[in-house]
Amino acid sequence: MSSSNAANRPISAIAWASNNSTCPAHFSMISATEDGAVANFTRGFGLKSGYFLCYSKDLSGGMVVSDVQVISEKEVIPHGYCYIPEFMESKSSVWKKKRVCVRIVPVDSVTTAVLDIRVTAKSKMMLPQYTCLGDILGYVLWCMKGSFLSPVPQAKPRSLSLDMRQLSLEATAPLPLRPNNQPSQTQHKVSRRRGALDHKETPEKVYDSSNIYGITAMDGVPFALHPKFENRAIEKVSMTALDNIRIKSLQDIENEYNYTFAIEEQAAMRPRS
């Protein structure tokens, strides 16, 4: 993959790592700042051990980082965000007074995401096209957001053995690809009863009988009312009958069906023999 395509790929994960040995294989560690200093986050003066910021652009999991924030220990983590993981050595920890949290979403749900993250040692230094996230232990974090093209998975060609190819009775042209949720357009043979129904052209045709998916259990069954309901269907409803209809309110329904469960409470309080 070219460097231009790699730069436009979104970041899929951000984490802390003690050094190159603890940094995961698919992560890239930020070992130096943009102004040439060592990007080793230490918790105090004279401490040799520290940790580095690292990120990944591996999209095999189908997730991307849509936003990054730096919050203090007194702030509540925003909804939908999570703290970045820590790949640390034993007896090592990350400074908790300020923490980095990210929002991870599916790659197909967004069109813009975090494309790059950088670190500077001087707060006065500005990075064009980058957003300042905040400072941690004298370092300043920056991120760049932008649009990206989601990777299109390539279908792997299936290899057919010679025996499988010989199963074909005749050489037919391959059918074009179609979504799985659409029925096949291949004509299917149906019964004589179904074929006889297809020849009857009715203006009120409800089902498509061109394929087997249009056949239902009600095909050919005429619609008719029961004889005892035929006279009622012809009768006209008078307006006086409609005026007597009373629409109940929510309070009326609650009053009508109110039940105190007093009998059940008395039965539950009876001593068992």
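Quick note: residue numbers are just sequence positions, from 1.
- Nearest approach of G50 to N40, heavy atoms of both residues: CA-OD1, 3.2 Å.
- Residue L141 forms a side chain to side chain contact (heavy atoms under 4.5 Å, CB included) with just one option from V68, L133, T131, and that option is L133.
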F148 vs T112, test: side chain to side chain contact (heavy atoms under 4.5 Å, CB included). Steps then yes/no. CA-CA 6 Å; F148 66 94; T112 60; 5.6 Å; no

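- Note: W142 CH2 to L127 CG = 5.0 Å, rounded to the nearest 0.5 Å.
- Distance check: M29 CE to F27 CZ gives 13.0 Å after rounding to the nearest 0.5 Å.
- The closest side-chain heavy-atom distance from I136 to V100 is below 4.5 Å.
- Atom CG of D67 is separated from atom CD1 of I104 by 11.5 Å, given to the nearest 0.5 angstrom.
- With a 6.0 Å radius and a threshold of 12 heavy atoms from other residues, nucleotides or ligands, E256 has its CD atom above the threshold.
- Centroid-to-centroid, the aromatic rings of Y259 and Y257 stay 6.0 Å apart or farther.
- Nearest heavy atom pair, residue T33 against residue T120, reads CB-CA, 4.0 Å.
- Residues M63 and V102 share a hydrophobic cluster, clusters being chains of Ile/Leu/Val/Met/Phe/Trp/Tyr side chains in contact below 4.5 Å.
- Put simply, the side chain of T42 does not reach to within 4.5 Å of the side chain of L137, judged on heavy atoms.
- A continuous path of hydrophobic side-chain contacts links M144 to V64 [ILVMFWY only; heavy atoms under 4.5 Å].
- The hydrophobic cluster containing Y83 does not contain V70, counting ILVMFWY residues as joined when their side-chain heavy atoms lie under 4.5 angstrom apart, directly or transitively.
- Atom CD1 of I263 is surrounded by 12 or fewer heavy atoms from other residues, nucleotides or ligands within 6.0 Å.
- A donor-acceptor pair is defined here as one N or O able to donate and one able to accept, closer than 3.5 Å; such a pair exists between the side chain of K57 and the backbone of R9.
- Across V38, T22, V119, a single residue satisfies side chain to side chain contact (heavy atoms under 4.5 Å, CB included) together with F52, and that is V38.
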Under the criterion side chain to side chain contact (heavy atoms under 4.5 Å, CB included), I'd like the reasoning laid out for W16 against I84: C-alpha separation, chi angles, the key distance, then a yes or no. CA-CA 7 Å; W16 294 113; I84 62 176; 3.3 Å; yes

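- With rounding to the nearest 0.5 Å, the separation of CD in E73 from CZ in R99 is 10.0 Å.
- Taken from SG in C54 to CZ in F87, the straight-line distance is 7.0 Å, to the nearest 0.5 Å.
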When you look at K97 and E75, which way does the salt bridge (Lys or Arg N to Asp or Glu O under 4.0 Å) test go after all the steps? CA-CA 10 Å; K97 290 188 177 181; E75 295 182 76; over 6 Å; no

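- Nearest heavy-atom pair across L59 and S12 is CD2-CB, 4.1 Å.
- In this structure, Y51 has its ring center no closer than 6.0 Å to that of W95.
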Take R103 and Q69, measure what side chain to side chain contact (heavy atoms under 4.5 Å, CB included) needs, and give me the verdict at the end. CA-CA 9 Å; R103 183 172 182 264; Q69 291 189 18; over 6 Å; no

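- Salt bridge annotation for R270-E264: absent, with no cationic side-chain nitrogen under 4.0 angstrom from a carboxylate oxygen.
- Judged by distance alone, the side chains of N258 and E254 never bring a donor and an acceptor atom under 3.5 Å apart.
- Of all the heavy atoms in L115 and S147, the pair that sits closest is CD1-O, 4.0 Å.
- The structure places CD1 of I30 at 9.0 Å from CZ of R118, a figure rounded to the nearest 0.5 Å.
- What you find for C132 and V140 is that their closest heavy atoms are SG-CG1, 3.6 Å.
- Heavy-atom contacts from other residues, nucleotides or ligands closer than 6.0 Å to CE of M126 number 12 or fewer.
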I would like to know whether M88 and V94 meet side chain to side chain contact (heavy atoms under 4.5 Å, CB included); could you show each step before the answer? CA-CA 8 Å; M88 308 295 292; V94 177; 3.9 Å; yes

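- Among all heavy-atom pairs drawn from I77 and C101, the shortest one is CD1-CB, 4.1 Å.
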